[in-house]
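In what follows, every chain begins at residue 1, and chains take the letters A, B, ... in the order their sequences are listed.
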Protein chains: 2
Amino acid sequence: MLSKKTKYGLKALTYLALQSKREPVQISEIAEHENISQKFLESILLTLRNTGFLGSKKGKGGGYYLLKDPSEIHMTTVIRVLEGPIAMVPCVSLNFYEKCDDCPDENKCAVHKLMLQVRDSVLEVYRNNTLADLISE
Amino acid sequence: MLSKKTKYGLKALTYLALQSKREPVQISEIAEHENISQKFLESILLTLRNTGFLGSKKGKGGGYYLLKDPSEIHMTTVIRVLEGPIAMVPCVSLNFYEKCDDCPDENKCAVHKLMLQVRDSVLEVYRNNTLADLISE
DNA sequence: CTATTATCCTATCGATTTAATAGAGTAATC
DNA sequence: GATTACTCTATTAAATCGATAGGATAATAG
């Protein structure tokens with residue numbers, strides 16, 4: 001299940017990407033337009049800022065804005081930041097690998113074999129999608 | 001993240017599929033061999049029985065056994081029974097569809113667009129794998 | 001018929017995670 | 001210097017997960 005954090009984060013990113021001008025947009029505007037709890041969205045935008053996707057400006061006329069072009073924002077990185085590992089089990093994770101303590105031999109493990117394929121196919125989808133792809137007609 | 005329920009269930013199924021004879025195997029034997037909490041495994045095998053994957057026999061010499069040939073057991077059905085919906089958001093689920101209450105138009109939703117692709121690619125993996133595929137060398 | 005074996009079923013529990021909220025602090029603009 | 005709006009920490013309620021306990025039920029062995 002996709003967390004609301006990721007869902008809301010993606011929606012906020014697309015909202016910012018759809019702005020005609022690259023000017024700061026207030027949290028409240030995004031929250032209202034996308035039907036998101038403002039306080040919850042605050043924390044999400046903060047992590048998107050701390051991970052280099054967004055810039056921010058304080059005070060009147062402040063808000064958040066994209067730091068890169070939507071075509072430069074890949075779903076692999078967005079998902080990893082918001083949702084965590086893409087793999088469904090740590091033993092097939094590229095960036096968060098961890099051995100199963102119960103499994104004596106990964107190469108003979110059916111779960112491993114299946115989840116490797118799932119990881120690869122999901123990864124390909126994320127690699128083929130940037131923020132620009134998601135907002136295009 | 002894949003739940004332990006699904007992980008254990010898959011391991012139990014492969015253990016049963018690898019038996020030379022189609023005779024009942026005790027829970028304790030599976031639990032021990034696959035390093036699974038026996039009580040937890042009990043409940044998992046029970047749902048696999050109630051959903052038509054396994055048969056069971058009580059009393060001495062009792063246990064669980066596969067009801068179908070491993071090549072007839074598709075990952076789509078196994079995963080749906082153990083893990084639930086394959087889609088990461090209800091609005092792209094084939095079997096558990098549900099409209100997002102916050103999203104005014106699915107066709108304009110970036111999350112929807114992305115998760116549709118994810119669902120399709122994962123579904124293809126599951127469709128291409130039976131229990132027989134997972135235990136083959 | 002009775003003891004043993006092993007599945008069946010319900011109920012509960014602790015830990016973790018998730019989504020949301022509260023409130024005070026900081027920096028920029030007017 | 002007042003207002004605006006982001007920054008940060010802490011807390012909370014609810015849900016889910018993994019595991020455990022204990023007794024009921026059914027089949028076999030003798």
Separation of dT17(C) atom P from E83(A) atom CD, nearest Å, is 14 Å
What's the closest nucleotide to the side chain of K60(B) if the choices are dT7(D), dT5(C), dT4(D)? dT5(C)
Here the distance between atom P of dA6(C) and atom CD1 of I30(B), to the nearest Å, is 13 Å
Specify the separation, in whole Å, of atom CG of L82(A) and atom C1' of dT18(C). 14 Å
Sequence neighbours excluded, the answer for salt bridge (Lys or Arg N to Asp or Glu O under 4.0 Å) partners of D120(B) is none
Under 4.0 Å: is that the gap between some side-chain N or O of Y8(B) and OP1 or OP2 of dA19(D)? yes
In whole Å, what is the span from the CG atom of N35(B) to the P atom of dG18(D)? 16 Å
Contact class for L45(B) vs. all strands (heavy atom < 4.0 Å): base, sugar-phosphate, or nothing? nothing
What integer distance in Å separates M1(B):CE from dT17(C):P? 10 Å
Phosphate OP1/OP2 of dC8(D) contacted by S43(A) side-chain N/O (<4.0 Å): no
Between I86(B) and N95(B), is any pair of side-chain heavy atoms under 4.5 Å apart? no
Tell me whether the OP1 or OP2 atom of dT16(D) has a side-chain N or O from K5(B) closer than 4.0 Å. no
Taking the side chain as every heavy atom from C-beta outward, state whether D102(A) and K11(B) have any pair of such atoms under 4.5 Å apart. yes
Given dT20(D), dA28(C), dC8(D), which nucleotide is nearest the side-chain atoms of L46(A)? dC8(D)
Whichever of K58(A) and I36(A) has the more 5' nearest nucleotide on DNA chain C, that residue is I36(A)
Atom pair distance, as rounded to whole Å: CG in L2(B) and C1' in dT16(D): 15 Å
Under 4.0 Å between a side-chain N or O of S37(B) and OP1 or OP2 of dT20(D)? yes
Without decimals, in angstroms, what is the distance between I27(B) CD1 and dC9(C) P? 12 Å
5'-most contact on DNA chain C (nearest-nucleotide basis), Q38(A) vs K39(B), goes to K39(B)
As a test of reading the structure: which of dT7(C), dA19(D), dC8(D) is closest to the side chain of N50(A), going by heavy atoms? dC8(D)
Give me the ring orientation class for H33(A) and Y15(A): parallel if the planes are under 30° apart, tilted from 30 to 60°, perpendicular past 60°. tilted
Options dG18(D), dC8(C), dA28(C), nucleotide nearest the side-chain atoms of K4(B): dG18(D)
Of the listed nucleotides dC9(C), dC6(D), dT7(D), the one nearest the side chain of Q26(A): dC6(D)
Other residues, nucleotides, ligands: >12 heavy atoms within 6.0 Å of K21(B) NZ: no
Rounded to whole Å, please give me the gap between OH in Y65(B) and P in dA6(C). 16 Å
Keeping to residues at least two apart or across chains, list the side-chain hydrogen bond (donor to acceptor under 3.5 Å, both in side chains) pairs with something in residues 74-90 of chain B. S3(B)-E83(B), T6(B)-E83(B)
Tell me which nucleotide among dC8(C), dT7(D), dA19(D) gets nearest to the side chain of R49(A). dT7(D)
